[in-house]
Undergrad: 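Mind looking over this structure? Questions follow.
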Amino acid sequence: MNTEVIKLTEENFKKSIKKGAELIRKEEVVAFPTETVYGLGGAGFSPLAIRKIFEAKGRPQDNPLILHIGSMEMLDDIATDIRDYVYLLMEKFWPGPITFVLNKKSVVPMEVSAGLTTVGVRFPSERTAQALILEAGLPIAAPSANTSGKPSPTNAEAVFEDMKGRIPLILDGGQTDIGIESTVLLSTGEKPIILRPGKVSYEDIREVVASVEISAGLKQGEKPMSPGQKYRHYAPKADMYLFVGKFNDVASRILFEEARWELEDKKIGILCFDETRERYSSEHVISLGSYFNREEVSRNLFNSLRDFDKLGVDVILSESVEEKGIGRAIFERMRRAAKEVVNV
Ligand code: TXA
Ligand code: MG
């Protein structure tokens with residue numbers, strides 16, 4: 001299959017959205033940008049389209065997809081028995097980077113929910129995503145547009161790397177703004193539970209609802225509540241070691257490890273921040289941006305992991321961030337990319 005990439009401009013926007021929406025209605029798969037990462041979209045009520053998505057990604061069948069909506073009316077078509085606190089959260093954070101897991105209506109095919117009675121729903125804020133959903137006139141099922149097990153794509157080039165020859169169209173809207181996937185909030189119970197941390201943080205949610213939990217599955221070794229948690233995600237090809245501790249101690253330890261790995265003739269990559277990059281002599285140092293600019297760090301993370309793949313390093317020695325606010329989401333992605341977390 002030939003994969004067309006359309007770079008979106010003001011001039012071709014409408015026409016390109018029409019083309020994408022037409023393919024979606026014909027049960028084909030189209031990659032498109034959202035404010036978090038690129039999605040691999042298909043008609044939300046079509047088992048055939050859903051099967052094509054799973055195939056293109058090589059995704060395990062028991063991992064459900066989320067439905068993307070372009071209006072609140074679409075929400076009523078797919079979810080039922082929605083709790084009051086959910087509406088409060090929607091009012092505050094939608095459209096935006098948070099997915100609510102809700103009781104599904106029977107029109108949502110079991111291919112989407114992977115046999116569960118719930119469905120994840122997100123109303124993205126990105127203009128292209130909204131336009132595509134509204135033009136298609138139905139919810140769009142979309143996982144991140146990466147091959148299963150690779151970092152989520154934050155630009156069209158990364159989507160093309162993974163999806164070339166597998167899907168007919170990629171809508172190229174440039175680099176995504178947030179760079180990590182949405183917060184996933186299980187919202188069927190009395191209290192919401194964070195299944196996947198994201199830009200909308202624990203602290204943000206706490207400002208709206210009195211009580212919110214963080215899923216036990218987010219801690220290593222415990223039983224996952226969301227199917228997605230049990231898979232090792234975001235894995236770069238190299239073995240990544242994540243060093244956790246005080247800023248200065250971490251940098252010193254990485255310098256020490258760098259010297260040690262060099263003796264073994266390994267090609268070493270270092271993932272750090274603007275504040276520390278000068279300390280390292282290794283050829284392959286990538287800075288995620290300023291340690292203090294978490295938005296910049298989250299935007300750059302997945303692309304940096306893909307860059308290490310291209311550089312062909314054997315080992316990645318990585319600094320980490322504090323688990324606070326969006327830092328919790330960044331840390332979780334780093335932890336899951338890592339072979340080992342080393343407490344310094
Ligand atoms: O930001 C995002 O959420 C991106 C963009 C494209 O919207 N999408 C995305 O989808 O990251 P995906 O499929 O890569 O991740 C969705 C996560 C998975 O970990 C999945 O297991 C979980 O949400 N999930 C989906 N439906 C669920 C359900 N009914 N119950 C529990 N977890 C669910
Ligand atoms: Mg994904």
Side-chain angles (χ1 to χ4, degrees), residues 29-42 44 50 53-54 56-70 78-79 93-105 108-126 128-130 132-133 139-154 158-159 162-163 170-171 173 176-189 192-200 215 217-218 224-235 298 302 329 332-333 336-337:
V29 177
V30 174
F32 63 98
T34 80
E35 68 276 29
T36 57
V37 299
Y38 275 72
L40 203 55
I50 307 304
I53 293 173
F54 275 89
K57 268 186 78 82
R59 183 174 177 119
Q61 293 289 339
D62 65 346
N63 197 359
L65 303 185
I66 62 187
L67 289 181
H68 295 69
I69 58 172
I78 55 183
F93 300 116
W94 265 8
I98 181 165
T99 299
F100 297 94
V101 173
L102 304 167
N103 295 305
K104 79 175 189 83
K105 284 193 171 165
V108 177
M110 66 161 214
E111 282 82 356
V112 168
S113 59
L116 300 174
T117 57
T118 53
V119 61
V121 186
R122 183 158 102 78
F123 188 162
S125 60
E126 212 270 349
T128 309
Q130 285 191 2
L132 186 68
I133 299 162
I140 293 184
S144 50
N146 51 290
T147 301
S148 211
K150 293 221 354 192
S152 294
T154 60
V159 178
D162 285 11
M163 292 301 147
I170 299 171
L171 295 174
T176 65
D177 183 34
I178 295 170
I180 57 176
E181 311 87 345
S182 64
T183 307
V184 176
L185 194 70
L186 178 60
S187 307
T188 52
I193 303 174
I194 297 175
L195 300 181
R196 178 173 74 183
K199 170 88 194 302
V200 176
S215 162
L218 290 174
M225 291 183 75
S226 168
Q229 289 173 358
K230 68 179 184 221
Y231 299 106
R232 181 166 175 245
H233 258 195
Y234 325 116
S298 84
F302 286 146
E332 192 251 0
R333 279 21 173 225
R336 294 174 62 141

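All ligand and atom numbering here is 1-based and tracks the order in the structure. Side chains included, hydrogens not; waters and symmetry mates left out as well; all remaining heavy atoms used. If you read the sequence from its start, that first residue is 1, and numbering goes on from there.
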Undergrad: Within ligand 1, which atoms have a heavy atom of A142 less than 4.0 Å away?
TA: 8 (N), 10 (O)
Undergrad: Measure the spacing between OG of S113 and CD1 of I50 and express it to the nearest 0.5 Å.
TA: 10.0 Å
Undergrad: Contact between R59 and ligand 1, counting heavy atoms under 4.0 Å?
TA: yes
Undergrad: Hey, looking at atom 16 (C) of ligand 1, which of E181, R196, K199, E35 has the closest heavy atom?
TA: R196
Undergrad: So do F302 and E181 actually touch side chain to side chain, heavy atoms under 4.5 Å?
TA: yes
Undergrad: Output, in order, the C-alpha distance, side-chain angles, deciding distance and verdict of salt bridge (Lys or Arg N to Asp or Glu O under 4.0 Å) for R196 and E332.
TA: CA-CA 9 Å; R196 178 173 74 183; E332 192 251 0; over 6 Å; no
Undergrad: Tell me whether the Mg ion (ligand 2) has S144 as a neighbour, meaning an N, O or S atom of it below 2.8 Å.
TA: yes
Undergrad: Within ligand 1, which atoms have a heavy atom of S182 less than 4.0 Å away?
TA: 1 (O), 2 (C), 3 (O)
Undergrad: In terms of atom number and element, which parts of ligand 1 are under 4.0 angstrom from non-hydrogen atoms of L116?
TA: 28 (C), 29 (N), 30 (N)
Undergrad: Which of the numbered atoms in ligand 1 are below 4.0 angstrom from a heavy atom of N63?
TA: 18 (C), 20 (C), 21 (O)
Undergrad: Which ligand 1 atoms, with their elements, are less than 4.0 angstrom from a heavy-atom of T118?
TA: 28 (C), 29 (N), 30 (N)
Undergrad: Hey, which atoms in ligand 1 end up nearer than 4.0 Å to a heavy atom of G39?
TA: 6 (C)
Undergrad: Quick one: list whatever passes salt bridge (charged side-chain N to carboxylate O under 4.0 Å, His left out) with E35, sequence neighbours left out.
TA: R122
Undergrad: Tell me every residue that passes ring pair (Phe, Tyr, Trp, His ring centres under 6.0 Å) with Y38, counting only those two or more places apart in sequence or in another chain.
TA: none
Undergrad: Calculate, to the nearest 0.5 Å, the distance between atoms CD1 and OG belonging to I180 and S144 respectively.
TA: 12.5 Å
Undergrad: Can you sort out which atoms of ligand 1 are near L195, meaning under 4.0 Å from one of its heavy atoms?
TA: 31 (C), 32 (N)
Undergrad: Less than 3.5 Å between some nitrogen or oxygen of H68 and one of ligand 1, yes or no?
TA: yes
Undergrad: Taking C-beta and beyond as the side chain, do R59 and L65 meet within less than 4.5 Å on heavy atoms?
TA: yes
Undergrad: Could you tell me if T99 and S182 have a donor-acceptor pair between their side chains, going purely by distance under 3.5 Å?
TA: yes
Undergrad: Got a sec: does the NZ of K57 have more than 12 other heavy atoms crowding it under 6.0 Å?
TA: yes
Undergrad: For ligand 1, which atoms have a heavy atom of V184 less than 4.0 angstrom away?
TA: 23 (O)
Undergrad: Among P153, G120, P64, which one has a heavy atom closest to atom 33 (C) of ligand 1?
TA: P64
